[in-house]
Each structure stands twice: as structure tokens, then as C-alpha cells.
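Notes follow once the structure below has been shown.
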Amino acid sequence: MKLSQSLLRSALALAALVTATSVPSFAIAETGVNELSEAESRSGWKLLFDGKTFDGWRNYQKDSVSDGWKVDDGALVRYKGGAGDIISKETFGAFELLLDFKISPEGNSGLMFHVTEDNSTPWRSGPEIQIQDNVDGHDPQLAGWLYQLYKPGKNPDGSIVDAIRPAGQWNQIYLRIAPQGCEVCVNGVRYYTFSKGSKDWKERVAKSKFAKFKGFGEATEGHICLQDHGNLVSFRNIKVRRIAEDGSVPQPIDGNLEMNGQLAFPALKWEGWEGVDDEGRIRKLRLMELTYANDGTNRLFAAAQSGEIWTFENKADVTESHLFLDLQEKVQNFSSRGANEEGLLGLAMHPEYKKNGKFYVYYTDAQKTRSILSEFTVSDDDSNAADPSSERVIMTIDQPYKNHNGGVIEFGPDGYLYIGLGDGGLRNDPAGNGQNLSTLLGSVLRIDVDSPTAALPYGIPADNPFVGQDNARPEIYAYGIRNPWRMAFDKKTGKLWLGDVGQELWEEVNLITKGGNFGWSTREGTNSFSNGTAPEGVSDPIDPVWQYDHRIGRSITGGRVYRSSRIPELNGAYLYADYVSGVVWALKVDEKTGKAVKNVQVLPKGVSVLAFGEDQSGEVFYLVESPAGKCIYRIAE
């Protein structure tokens with residue numbers, strides 16, 4: 001690709017800083033075994049095993065741990081006869097637990113909770129999550145099942161869900177016990193939910209072998225127990241968090257800035273848009289992108305999921321917008337059944353827009369289950385209108401399902417276009433797209449829109465990491481992505497930030513690096529996911545720079561790095577949000593180590609942020625859905 005002189009000058013000026021698009025400037029900080037991540041520490045998680053001692057544990061009805069247990073290579077190991085069941089010294093009422101286990105071939109063990117010590121054995125009071133070798137084990141109730149009470153549902157082919165990895169490999173159990181609801185996940189896959197003490201619970205207990213034990217499963221507080229079932233078994237990464245009476249857990253923050261949201265353009269009207277459709281139904285405006293063209297006009301461009309793009313002056317008292325491009329007839333209606341994640345999802349202005357008038361959109365085709373990346377050009381006669389007949393389709397991407405389309409597009413400091421694609425949708429990444437380099441799905445792509453070839457309407461940058469590699473798409477810049485919502489370059493450092501929406505347990509923030517594998521779908525964040533294996537040739541996963549769990553929020557909205565001088569305390573912080581919990585945070589990362597050093601709450605709950613936008617001064621806006629068209633806000637002190 002030949003850079004224009006102005007773009008070349010910009011690239012050279014940033015060369016010392018722009019490392020996210022070439023070689024990583026630092027190694028992402030990895031969370032070690034038996035350690036808490038920065039986010040876990042801030043949100044109330046505690047270690048129940050330090051990897052070195054038996055502190056916090058004792059045998060059932062004893063004061064110490066027997067010599068049948070040992071600490072070996074950072075694991076708590078039941079290794080010889082007479083070990084006996086061990087319990088946590090502390091008792092827990094409402095809590096969450098994470099632990100890794102590794103079972104021996106044909107082995108069996110168990111994890112019990114709310115164990116009391118008024119019986120001869122712990123299993124007479126505490127329900128047991130089965131731990132065993134699912135291949136050669138001798139119990140028809142498999143690992144992860146709540147013994148004789150609950151088991152996971154079925155796959156589409158009728159088989160029982162089984163996310164366990166083979167004997168000798170580490171697996172993870174997540175357990176939540178609380179009045180607001182209980183849950184078990186195995187390797188990140190939800191197995192079942194239940195309500196302890198409910199009518200359904202009592203009926204199941206009454207039909208089980210535990211019915212004859214008075215008080216079984218009735219305690220609301222008790223010990224956590226690891227079972228000696230006569231087989232070799234190891235445990236590590238045992239983490240616990242207490243849940244408050246109202247079901248809440250601590251925010252993963254270092255403080256609260258107690259700021260407010262403020263309508264950025266309170267008098268702005270959207271040309272041609274009405275909050276009610278022709279049939280009298282409310283029509284909410286959902287903006288997916290707010291950006292600028294760097295053309296000297298100080299205009300902003302706003303893209304709506306429904307297919308409209310507007311432009312308007314970037315000033316607080318602006319009243320008038322211009323309908324720049326209307327693609328409603330081409331774009332899938334996001335309000336139709338199952339199409340919530342479809343529509344017009346991306347907008348990026350060419351770095352040389354002032355000269356060539358080109359811009360790019362990513363949208364879901366209204367006629368076929370596919371995504372389209374297209375180029376358009378501004379009208380020759382009106383700078384506030386695009387030429388709808390100028391569409392040049394750059395790329396079409398077949399989508400197997402209607403969710404996880406991704407769709408955010410951004411030009412990097414190198415002049416190339418970056419495209420964030422989801423794994424294709426449904427649940428559990430059924431086709432394994434996240435770790436498959438032969439498909440574009442589940443990846444961040446990097447293409448040259450200015451250099452089409454005879455074979456393609458775009459060029460492949462020669463330094464893309466998989467150029468020339470067999471069974472790999474050369475467009476791929478990074479992979480292992482589930483559902484990117486959204487991504488953005490830091491205009492000062494050139495680093496590429498991406499928010500990846502999780503499935504059952506974890507939301508994550510990634511700093512995207514060239515050739516990086518971000519884990520999905522063999523990992524979710526720093527945690528194991530399912531029992532699939534990555535194909536040969538993929539690299540080891542990179543940890544997210546930040547993650548939070550589903551007690552904190554359930555759908556991350558990736559943001560932008562704040563570079564405006566208006567609020568000095570936010571300068572250099574990555575603003576991001578959670579659509580479900582409605583919180584907006586500011587994350588700061590050490591530039592040298594890549595370690596998250598500070599996370600503060602900017603706005604409290606109740607702000608369902610769809611996306612973030614930015615103007616040329618580095619001011620960051622957040623975008624919300626509104627039936628009145630009041631969609632663009634900024635942070636106010």
C-alpha cells in the first residue's frame with residue numbers, strides 16, 4: 001500500500017508509539033496458578049488454597065489434615081489411602097466458588113457444600129457435585145452433576161451436555177449458592193440452575209437416596225468439602241467469594257468518581273427520523289457509531305443500527321443534522337425476530353476522506369444471512385450527502401447464525417482497515433471458529449482497501465501475520481474472539497482495544513496484538529472453556545488485560561481511550577461499560593508492563609451503553625437507545 005504524504009507523515013510521527021499494530025510493546029500480564037487477578041482481588045474473591053500449605057483446611061471432624069493429602073507442585077492432592085474428606089475451616093452461606101480439578105483414570109471424587117459436622121460423614125448433610133473420569137469412570141452420573149439431584153440438559157443431537165476434559169487434564173467448576181439462584185458451570189459451560197430449598201429441590205431430595213438422612217441439603221450455611229473417594233485427585237485455583245444478602249458482590253474498582261451523564265447535543269434533530277413508525281409503533285433510535293472525518297469541518301458522523309447515517313456540526317447547541325446516507329432497504333431490520341445483533345454495525349471514514357470522500361460501512365444483508373463490508377463515496381454536489389449509487393462491495397461474510405456478527409470497523413494508524421468479527425453465533429462456538437485460522441469468523445481482520453487485486457476487491461498487507469501460511473486466511477490479524485462489541489484505537493499510542501462479550505461467566509477487555517490468540521473457544525478470559533481442543537499451529541492464548549464476572553455485568557460494551565483535556569482525571573483511561581448492569585468504568589494500564597493498575601467507576605448503574613464515539617479532540621461520547629432520539633451523551637463532572 002502506498003501512503004499519501006500526509007498519512008505517511010502521521011505514520012512516521014507515531015512510529016515510536018504505534019506498537020499494537022506491529023510487534024507488541026509488552027507482554028500481557030498473566031495470572032498465575034493459585035493467584036487472584038487484579039479484577040478478582042477488587043471484586044471480593046479470596047483464595048481458599050495458597051498452593052503451598054493446608055492453611056484454611058482440615059479433615060472432617062478433625063483439627064488438622066491427614067498425611068493422605070499433600071501439597072505437590074501447587075496442587076492439593078489426595079494421593080493415598082486413609083486420606084479422609086477435608087473441609088474448609090470457614091463456613092459459607094451465600095457464596096461463589098471456582099476450583100480446578102484433575103482426576104486420575106477411572107477416578108472418582110466430589111465437591112460438597114453447606115456441609116455440617118453433625119453426621120458421621122459429610123455427604124449426609126452436604127449435596128455433592130460429582131467429580132470423575134467420564135470416559136472410564138464407573139458411575140453413570142457424570143462429572144459436574146449434582147449427585148442424584150440435577151444434571152445438564154441435552155445437545156441438539158439428544159446427547160447430554162458434557163464439557164469435561166479427559167482424565168489427567170485440568171477442569172474447572174464454578175458453583176454459586178445463593179437465595180437469588182444457584183448455578184453450576186463446568187469449564188465455563190452452564191450445566192444447570194436450581195433454587196436450593198425450593199419445592200422442586202425438596203421433591204428431588206425426597207426421591208433420592210438422601211431422603212433418609214435428616215436435614216440433608218437443608219443447612220443455609222456450612223463448610224466446603226473435598227471428597228476422598230479412594231482415588232488420586234488434585235485441586236488448585238480454589239477461589240471463593242461471599243455474596244451479600246441482596247445478591248450483590250463488590251464492584252472491581254479502586255474508587256468512584258461519582259460523575260454524571262450529560263446530553264452532548266440536547267437540541268439536535270435527526271433529519272427524516274421519527275420515533276413512531278407508519279403503524280404507530282415506537283421506533284427507538286440505536287446509534288452504533290459516532291466518528292469524524294478529520295476533514296477540517298469538525299463534523300461528526302452518526303450511524304444507526306436501522307441503516308441511517310447522519311452528519312452534523314460538533315457543537316453543543318447544534319440543532320440540525322443531515323441524512324448523509326439511508327441504507328434501510330439494504331440492511332436487516334434489527335427489531336425483527338432474532339435480529340437484535342444485526343443491522344448497520346460499523347462505520348469508518350477513510351484517513352484521506354478530505355481528498356477522496358470515501359467511507360466504509362459494515363451491515364447485515366436484509367436478503368441473506370451474511371454481512372457486507374462496502375465502500376461509499378460522498379456526493380460531488382453536496383458534502384452533507386453520500387452518493388448511494390457509489391457502493392463498492394469490499395467483502396461478504398456468510399453468517400451461520402443471527403448473533404455474534406461483530407461488525408465494528410476502524411482504520412489503524414497504519415492506514416489499513418481493521419474489522420472485528422464474531423465467531424458466527426449460537427452458543428459454545430459449535431463450529432470451533434474461534435481457533436480456526438481457515439475461517440474469517442472469530443477474528444480481527446486487517447485489509448488494504450486502497451489496493452484491490454485481480455482476485456480480491458482489497459489488498460492483503462504483506463506483514464499480516466498469517467500471509468503464506470497453509471490453512472490460514474491471510475486477512476487475519478488476531479483471532480480467538482467470541483463477540484467483539486466494540487473496538488477502537490487509542491489515538492495517542494496506536495494500541496487497539498477490544499471488548500469481547502462472554503457467554504456464561506466472563507466479560508473481557510483485550511489489547512489486540514499482531515498474530516495474537518485471545519483464547520476463545522478453548523478459553524473464556526483466563527478460564528478454561530468446554531472440552532474442545534485447539535488445532536495444531538495456533539499459539540498459546542493471551543490473557544485479557546482485564547476481565548470481570550457475571551455478578552458484575554453480563555455484556556461488555558468496549559469503549560475508547562479518553563484523550564480530551566476537558567476532564568484531566570480521565571485522560572489516558574479506557575472508558576468502557578456493561579450494557580446489562582449499566583455501569584461505566586475507566587481502566588488504566590501500565591504502559592510498560594501491560595498490567596491493569598486502576599479501575600474506577602465513572603457512572604453508576606442504569607446506563608445501558610450501546611457504543612462509544614469519539615471526536616477529533618479526543619472527547620469520548622457514549623451512545624444509548626432512545627425513542628426520543630436523545631442518544632449521545634458525554635461524561636460531566
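Here the structure is a predicted model, which is why all the values come from computation and not from measurement.
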Assess the side chains of Asn134 and Asp162: does a donor N or O sit below 3.5 Å from an acceptor N or O? yes
Side chains of Ser528 and Gln172: is there a donor and an acceptor less than 3.5 Å apart? no
When you check the gap from the basic side-chain N to the acidic O, do Lys62 and Glu117 get nearer than 4.0 Å? no
Measuring only between side-chain heavy atoms, which start at C-beta, is Val600 closer than 4.5 Å to Lys598? yes
Between Glu341 and Trp485, do the side chains contain an N or O donor and an N or O acceptor separated by less than 3.5 Å? no
Any heavy-atom pair between the side chains of Leu226 and Phe49 that's under 4.5 Å? no
Side-chain heavy-atom pair Arg190, Tyr174 within 4.5 angstrom cut-off: no
Can you check whether Ile224 reaches Leu111 side chain to side chain, under 4.5 Å on heavy atoms? yes
Looking only at side-chain N and O atoms, does Asp200 offer a donor or acceptor that is under 3.5 Å from a partner on Tyr150? yes
Would you say Lys196 and His114 are linked by a side-chain donor-acceptor pair, where the criterion is simply a distance under 3.5 Å? yes
From the list Ile556, Asp500, Leu421, side-chain contact (heavy atoms from CB on, under 4.5 Å) partner of Asn483 resolves to Asp500
Would you call Trp585 and Asp578 a side-chain contact if the rule is heavy atoms closer than 4.5 Å? yes
Just so I know, are the side chains of Trp546 and Glu508 near enough to count as touching, which here means a heavy-atom distance under 4.5 Å? no
Report yes or no: do Asn119 and Thr121 form a side-chain donor-acceptor pair below 3.5 Å? no
Does the side chain of Tyr576 pick up a donor-acceptor pair with the side chain of Asn599 at under 3.5 Å? yes
Between Gln132 and Asn231, do the side chains contain a donor N or O and an acceptor N or O under 3.5 Å apart? no
Holding to salt bridge (charged side-chain N to carboxylate O under 4.0 Å, His left out), I want the full list of residues that pass it with Asp118, two or more places apart in sequence or in another chain. none
Looking only at side-chain N and O atoms, does Asn571 offer a donor or acceptor that is under 3.5 Å from a partner on Glu569? no
Pairwise side-chain contact, Gln601 with Leu257, heavy-atom cut-off 4.5 Å (strictly under): no
Indicate whether the side chain of Gln435 and that of Ser521 have a donor and an acceptor atom separated by less than 3.5 Å. no
Any Lys/Arg nitrogen of Asp228 or Arg78 sitting under 4.0 Å from an Asp/Glu carboxylate oxygen of the other? yes
May I ask you to check whether Phe194 and Trp201 place their ring centres under 6.0 Å from each other? yes
Between Glu38 and Arg42, does any side-chain N to carboxylate O distance fall below 4.0 Å? yes
